[in-house]
Colleague: 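I'd like to ask some things about the structure below.
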Amino acid sequence: MNAEYRKPWVHRHWLLMLVLSFLVMIVLSLAIGAGAIYMMMNAMKDTAPYREAMARVRADERMVQALGKPIGTRWIPVGVVEQREQGTAAFVVFLQGPRGTGTVNVEGVYADGVWHYRRLQGEADGPPRERYDLRGESDHAVTADYPDRADGSGH
């Protein structure tokens with residue numbers, strides 16, 4: 001019964017365990033962070049400005065001609081939508097269709113229970129690269145309050 005005692009694997013390879021633990025913590029932190037960002041950006045798809053922008057893109061014959069049908073998204077929208085009494089929206093949606101790709105840029109304000117868009121501009125990546133103003137009549141009326149944005153360019 002003179003069996004030799006061997007230290008457990010963990011005690012013999014403590015440096016390897018330390019490095020592996022560190023790597024696992026980094027991977028978990030990155031995964032949690034990426035998941036949180038994805039959920040926040042994906043939540044934008046449930047907002048009125050996003051739904052309105054996508055409806056206008058899909059209804060615009062110029063965008064349909066450039067991108068084809070059906071028009072979908074190729075990535076999560078990037079930007080922010082604040083829905084309060086005086087909410088604002090500023091985001092970009094990356095579009096994809098059978099004929100090509102494009103974007104829609106949205107900049108709007110929520111006033112008196114209605115979203116008004118200072119900028120709602122579709123762009124087909126081309127060629128040719130073309131931009132289309134997708135705002136309606138009520139949106140053009142609101143730009144009188146913002147003369148520097150009357151052309152929808154945002155500059």
Side-chain angles (χ1 to χ4, degrees), residues 3-60 63-64 66-127 129-135 139 142-143 145-146 148-149 152-155:
E4 238 179 83
Y5 173 74
R6 268 186 82 152
K7 288 183 181 179
W9 186 90
V10 173
H11 290 183
R12 288 179 289 156
H13 302 287
W14 66 272
L15 187 58
L16 179 62
M17 286 300 294
L18 186 66
V19 170
L20 287 176
S21 299
F22 182 71
L23 289 175
V24 166
M25 294 303 288
I26 288 176
V27 169
L28 283 175
S29 297
L30 290 174
I32 290 170
I37 290 171
Y38 179 79
M39 285 181 4
M40 286 187 304
M41 298 306 282
N42 209 27
M44 188 181 302
K45 291 183 177 183
D46 292 332
T47 64
Y50 175 87
R51 289 191 307 268
E52 179 70 20
M54 290 305 295
R56 290 190 191 188
V57 163
R58 291 177 178 133
D60 188 82
M63 290 297 290
V64 171
L67 302 179
K69 275 190 177 182
I71 297 175
T73 59
R74 60 185 162 117
W75 191 244
I76 55 177
V78 177
V80 65
V81 176
E82 297 176 353
Q83 296 188 56
R84 293 183 274 198
E85 276 184 33
Q86 295 295 318
T88 60
F91 60 91
V92 176
V93 180
F94 301 95
L95 305 171
Q96 179 175 337
R99 292 191 194 135
T101 59
T103 58
V104 61
N105 296 299
V106 179
E107 192 176 319
V109 293
Y110 185 75
D112 302 324
V114 180
W115 280 97
H116 299 280
Y117 300 98
R118 291 182 263 178
R119 181 177 190 180
L120 195 105
Q121 185 177 54
E123 183 174 343
D125 291 341
R129 189 177 196 106
E130 299 206 26
R131 293 182 178 154
Y132 308 108
D133 187 359
L134 305 175
R135 294 176 299 160
D139 300 320
V142 109
T143 57
D145 297 333
Y146 306 95
D148 61 328
R149 311 253 173 134
S153 67
H155 300 292

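Keep in mind it's a predicted model, so treat the numbers as computed, not measured. The first residue in the sequence is number 1, and the count goes up from there.
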Colleague: Mark yes when over 12 heavy atoms from residues, nucleotides or ligands other than Lys45 sit less than 6.0 Å from its NZ; otherwise mark no.
Modeller: yes
Colleague: So, taking the atom named NZ in Lys69 and the one named CZ in Arg99, what distance separates them when rounded to the nearest 0.5 Å?
Modeller: 10.0 Å
Colleague: So how far is it from Arg56 CZ to Tyr117 OH, rounded to the nearest 0.5 Å?
Modeller: 6.0 Å
Colleague: So which atom in Val93 and which in Pro77 form the shortest heavy-atom distance, rounded to 0.1 Å?
Modeller: CG2-CB, 4.1 Å
Colleague: Please confirm whether the backbone N or O of Lys7 pairs with a side-chain atom of Arg12, one donor and one acceptor, at under 3.5 Å?
Modeller: yes
Colleague: Taking only residues two or more places apart in sequence, or in another chain, which ones meet Leu16 in a side chain to side chain contact (heavy atoms under 4.5 Å, CB included)?
Modeller: Trp9, His13, Leu20
Colleague: Does Val81 have any side chain to side chain contact (heavy atoms under 4.5 Å, CB included) partners at least two apart in sequence or in another chain, and if so, which?
Modeller: Met44, Thr47, Pro49, Gln83, Ala89, Phe91, Trp115
Colleague: Spell out, as yes or no, whether a donor-acceptor pair under 3.5 Å connects the side chain of Arg119 to the backbone of Val106.
Modeller: no
Colleague: Testing Glu123, Arg74, Met54 one by one against Leu95 for a side-chain contact (heavy atoms from CB on, under 4.5 Å), which residue passes?
Modeller: Met54
Colleague: Looking only at non-hydrogen atoms, find the nearest pair between Ala53 and Leu120 and report the distance.
Modeller: CB-CD1, 4.0 Å
Colleague: Verify the neighbour count for atom CZ of Arg58: are there more than 12 heavy atoms of other residues, nucleotides or ligands below 6.0 Å?
Modeller: yes
Colleague: State, to 0.1 Å, how close Thr103 and Met63 come at their nearest heavy-atom pair, and which atoms those are.
Modeller: O-CE, 4.3 Å
Colleague: Quick one: pull up CD in Gln96 and OG1 in Thr73 and give me the separation to the nearest 0.5 Å.
Modeller: 8.5 Å
Colleague: Below 4.5 Å, heavy atoms only, C-beta onward: do Phe94 and Thr101 meet side chain to side chain?
Modeller: no
Colleague: Without placing hydrogens or testing angles, list every side-chain donor-acceptor pair under 3.5 Å for residues 31-41, not counting sequence neighbours.
Modeller:
none

